[in-house]
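Handing you a structure now.
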Amino acid sequence: MNDITNYKNIKAWPFVEAIKVLKKFENLDKKQTINFETGYGPSGVPHIGTFAEVLRTNMVRNALREIKSLDSNLITFSDDMDALKKVPEDYPYPDKLSKYLNFPLSSIPDFTEKYSSYADKNNSLLKEFLNQFDFNYQFISSTEKYKSGSFDKYLLKILENYENIMNIVLPTLRKERRESYSPFLPICKITGKVLEAPITVINKEEGLIAYKSDNKFIETLVTGGNCKLQWKVDWAMRWSALKIDYEMNGKDLIPSFELSKQIAKFIYNKVPINMSYELFLDQNGEKISKSKGNGLSIDEWVTYGTKESLSLFMYQNPRRAKKLYFDCIPRSMDEYKKHFHNLKEKEQDLFENPIWHIHEGLLPKSTYPIEFSTLINLVTALNTSDKPTINKFCLLYIKNNLNHVEQNYLEEITKLAVKYFQNFILPNLKKRKPSEKEKIIIKYLIKDISSNQEEINAEEYQSLIYKYGKEVYPDNLREWFIALYQILFGADNGPRLGSLFFLYKKDKVIQLLQESIE
RNA sequence: GAGCCCGUAGCUCAGCGGUAGAGCAUUCGCCUUUUAAGCGAGGGGUCCUGGGUUCGAAUCCCAGCGGGCUCACCA
């Protein structure tokens, strides 16, 4: 255990967490697997918060692996037997889905007919996201566990301690809810719905209870998937059943964690090491939620930023409330590059550098050769989605030859910058029509350019523009250039036109000018 | 009511025991036959307040003052 001491001064939170785990298992010398759990409710498409939880939990796992060679396991538990409470606002078939309210998510059909159930669809989406990031995880379906009988032993234990558990939970509930509360939610044998109804214990040893439906008492087993647990009890049960050693949760679940901890005392008393993180807020400091459409989704982030930049954002200060909105993306992209640079400068900070955590210790040799915000400025100034043009300007700017890997990185982030430009800059640009006078001048310009047999160089282009500009704006050439930017791009400024035209080459320049006067 | 977080440059934030930082904004200079997306330099801060610990506190502890979020239905 001496090896912990080498790591205990590391301030990076994944190491601090990993050391919490190791301290707890200090006295166990036998070989053992450390289980990390993350929970997911597949009532809708995966939320960026769910994703953050998996990512961060995985970072703790990496840090642990670095300190000590132990087997570990990252469990992604999907609570897919949970009842559908309401139809998500963005769901494409609300009428069809609304017929399945209170059914277990895993027993609702998928109306897109691509998946075996509603839950399976959302589970698959989650797995897709996680696979994109190459996580190594074990997906567990709640429904499968309940139905296979894996949870039976624990369900019987809960029934055995039924009164004890009721005594813990009831004082935390309001009067009305106390009447209907039960740790066991029977799956109705007639309707198939998850019932929130009081139960009567019939036989603890056999696992028999009874619930009331249509004024009749119906007996059922708590085992074999005939009942599901109410979620706080469910959570506590999982800790024992899946031997969970570590789990983090949002701060909204702190009271629930405390309660589940109490409940766990009556289910083999397994309680994981826990960390709570702050929730993400939108630009105005409000909680992000899908129904409001504020904040960002995973898809939106990876449209405009790299996966690494998203990981970096998630890594930073999980205990601090962070605003998650659009501007975070370019900022995070630039920060990634900065941290990468720091890593190469001072190696002793390896474990405190986010890059180590983002890449699970397998450090890349290089990264993109230009700051993302600079690239966006460049694309905005160039006013084009044409990647070869952007690439050429980047090379002019970088003043260095790029190796093959850097060139690939540049192409990757150029795609992102172009998307950003097309969706946020371009729609706000309005090209204006040239005045009659300007039209005539542009025609002269076209004629002059096309009369050249050979390609024209940047300086010659600049001179041509200058020459004709003097005819319309003899006193203030600046206005001529502004006019050209407005007519050609819909902006008040841009790159040096001579250089741009040279990169575009004659045919494209003529086409551009021609279009502006039509 | 309880819990969690925040208060550092005009704005957004990083730093979290050892000379107060970044980006944007601002000011000035340079380059370019226009503008700059460029380069360089500068200005700007009782690090919310008051105690304590320490040789030393923006940083740790306590108390207060502001601001925000979450929970007390469901998950």
Side-chain angles (χ1 to χ4, degrees), chain A residues 11 13 39-44 47 49-50 79 82-86 102 105 171-178 180-181 185 194 196 229-232 234-235 249-260 275-288 316-323 325 327-328 330-332 334-335 338-339 352 354 370-371 373-383 390 393-394 396-399 417 458-467 469-470 473 476-486 489 491-500:
Chain A
K11 281 178 285 186
W13 65 266
Y40 167 60
S43 55
H47 191 256
T50 308
D79 193 9
D82 191 33
L84 179 74
K85 297 284 159 41
K86 64 173 185 181
N102 296 317
L105 296 165
T172 69
L173 299 174
R174 272 202 259 177
K175 255 185 198 165
E176 309 88 85
R177 182 68 180 111
R178 280 180 212 166
S180 64
Y181 183 83
L185 309 174
V194 181
E196 282 194 12
L229 292 169
Q230 192 275 344
W231 92 276
K232 286 171 201 173
D234 195 89
W235 202 12
N249 54 262
K251 73 161 184 183
D252 51 333
L253 295 190
I254 294 171
S256 303
F257 181 84
E258 291 303 318
L259 190 74
S260 292
M275 169 184 141
S276 58
Y277 52 85
E278 270 281 350
L279 305 176
F280 293 117
L281 308 173
D282 73 359
Q283 191 165 11
N284 303 315
E286 286 169 26
K287 183 186 174 180
I288 60 170
Q316 305 278 27
N317 288 315
R319 284 202 182 81
R320 206 176 268 202
K322 284 207 301 273
K323 291 179 183 174
Y325 60 102
D327 300 4
C328 299
R331 197 188 305 163
S332 190
D334 287 351
E335 269 174 23
K338 202 157 81 187
H339 287 303
E352 296 197 358
I370 184 170
E371 295 230 328
S373 53
T374 305
L375 180 63
I376 284 182
N377 284 341
L378 195 63
V379 174
T380 303
L382 285 171
N383 222 293
I390 296 165
F393 255 93
C394 282
L396 282 180
Y397 173 73
I398 297 166
K399 294 178 185 126
E459 286 310 308
E460 286 164 350
Y461 269 122
Q462 194 75 9
S463 302
L464 278 177
I465 297 162
Y466 184 78
K467 177 178 147 196
K470 276 196 289 198
Y473 297 97
N476 195 346
L477 256 187
R478 186 182 158 176
E479 281 183 28
W480 163 236
F481 280 93
I482 292 174
L484 268 181
Y485 288 124
Q486 289 172 342
F489 306 131
D492 287 343
N493 51 46
R496 202 177 139 88
L497 284 172
S499 318
L500 182 69

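Computed from heavy atoms alone, side chains included, the values below leave out hydrogens, waters and symmetry copies. To find a chain, count down the sequence lines: A is the first, B the second, and so on, and within it residues start at 1. What you are looking at is a predicted structure, and each value in this text was computed from that prediction instead of being measured.
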A/L281 CG - B/G68 P separation (whole Å)
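Rounding to the nearest Å, CG of A/L281 and P of B/G68 are 12 Å apart.
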Counting side-chain heavy atoms from C-beta on, which of B/U34, B/U70, B/A75 comes nearest to A/Q462?
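Closest nucleotide among those given: B/U34.
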Between A/N249 (CG) and B/G3 (P), how many Å, whole number?
17 Å
Name the nucleic acid region contacted by A/S463, choosing base, sugar-phosphate or nothing; use a 4.0 angstrom heavy-atom cut-off, strictly under.
base
Do A/K86 and B/C74 have a side chain to base donor-acceptor pair shorter than 3.5 Å?
no
Is A/K251 touching bases, backbone alone, or none of the nucleic acid, heavy atoms closer than 4.0 Å?
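Base contact - A/K251 has a heavy atom under 4.0 Å of at least one base atom.
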So, does A/K11 get its side chain near the phosphate of B/G17, meaning an N or O under 4.0 Å from OP1 or OP2?
yes
With the threshold set at 4.0 Å, does a side-chain nitrogen-carboxylate oxygen contact exist between A/E278 and A/K251?
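Counted as a salt bridge, because a side-chain N and a carboxylate O are separated by less than 4.0 Å.
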Spacing of A/K338 atom NZ relative to B/G21 atom P, expressed in whole Å
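Atom-to-atom, A/K338 to B/G21, this comes out as 14 Å.
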Return the nearest nucleotide to the side chain of A/E278; candidates are B/U70, B/C74, B/C5.
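Nearest to the side-chain atoms of A/E278, counting from C-beta on, is B/C5.
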Under 4.0 Å between any heavy atoms, over every strand shown, what does A/L253 touch: base, sugar-phosphate, or nothing? Just pick one.
base
Which base sits across from B/G3 as a Watson-Crick or G-U pair, both distances under 3.5 Å?
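Paired with B/G3, as far as the under-3.5 Å criterion goes, is B/C69.
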Classify A/L497 by what it touches in the nucleic acid, base, sugar-phosphate, or nothing, heavy-atom distance under 4.0 Å.
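It contacts base atoms.
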Base, sugar-phosphate or nothing for A/Q230? Non-hydrogen atoms, less than 4.0 Å.
sugar-phosphate
Testing B/G15, B/C16, B/A75 for proximity to the side chain of A/R320, the answer is B/C16
Strand partner of B/G21, provided both Watson-Crick or wobble distances fall under 3.5 Å:
B/C13
Would you mind reading off the distance between A/I254 atom CD1 and B/A72 atom C1', rounded to a whole angstrom?
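My rounded result for the distance is 14 Å.
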If you find the nucleotide of RNA chain B closest to A/N377 and the one closest to A/R174, which residue's nucleotide is nearer the 5' end?
A/N377
Rounded to whole Å, how long is the line connecting atom CD1 of A/I465 with atom P of B/U34?
12 Å
Choosing from B/C13, B/G15, B/U70, which nucleotide comes nearest the side chain of A/N317?
B/G15
If each of A/D252 and A/L378 is mapped to the nucleotide of RNA chain B with the nearest heavy atom, which maps nearer the 5' terminus, i.e. the 5' end?
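Result: A/L378.
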What nucleic acid atoms does A/D334 come within less than 4.0 Å of, heavy atoms only: base, sugar-phosphate, or nothing?
nothing
Under a 3.5 Å limit on both distances, the Watson-Crick or wobble mate of B/A41 is B/U27
Below 6.0 angstrom between ring centroids: does that apply to A/Y466 and A/W480?
no
Compare the minimum distances between each of B/G68, B/A14, B/C74 and the side chain of A/R177, then state the nucleotide with the smallest one.
B/C74
4.5 Å side-chain heavy-atom contact, A/F393 and A/L500
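A side-chain contact exists here, since the closest heavy-atom pair is under 4.5 Å.
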Measure CG/A/D79 against P/B/C74 and give the value in whole Å, please.
14 Å
Without decimals, in angstroms, what is the distance between A/N102 CG and B/A75 C1'?
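Answer to the nearest Å: 14 Å.
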Parallel, tilted or perpendicular: which fits the ring planes of A/F481 and A/Y485, with parallel below 30° and perpendicular above 60°?
tilted
For A/D327 and B/C24, what is the distance between atoms CG and P respectively, to the nearest whole Å?
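Atom-to-atom, A/D327 to B/C24, this comes out as 13 Å.
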Of all the choices, B/A37, B/C4, B/U12, which nucleotide is nearest to the side chain of A/F393 once you look at every atom?
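Among the listed nucleotides, the one closest to the side chain of A/F393 is B/A37.
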Taking all heavy atoms of A/G498 and all of A/I465, pick out the closest pair and write down the distance.
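Answer, listing the atom of A/G498 first, then A/I465: N-CD1, 4.3 Å.
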Please classify B/U34 as syn or anti, treating any glycosidic angle within 90° of 0 as syn.
anti
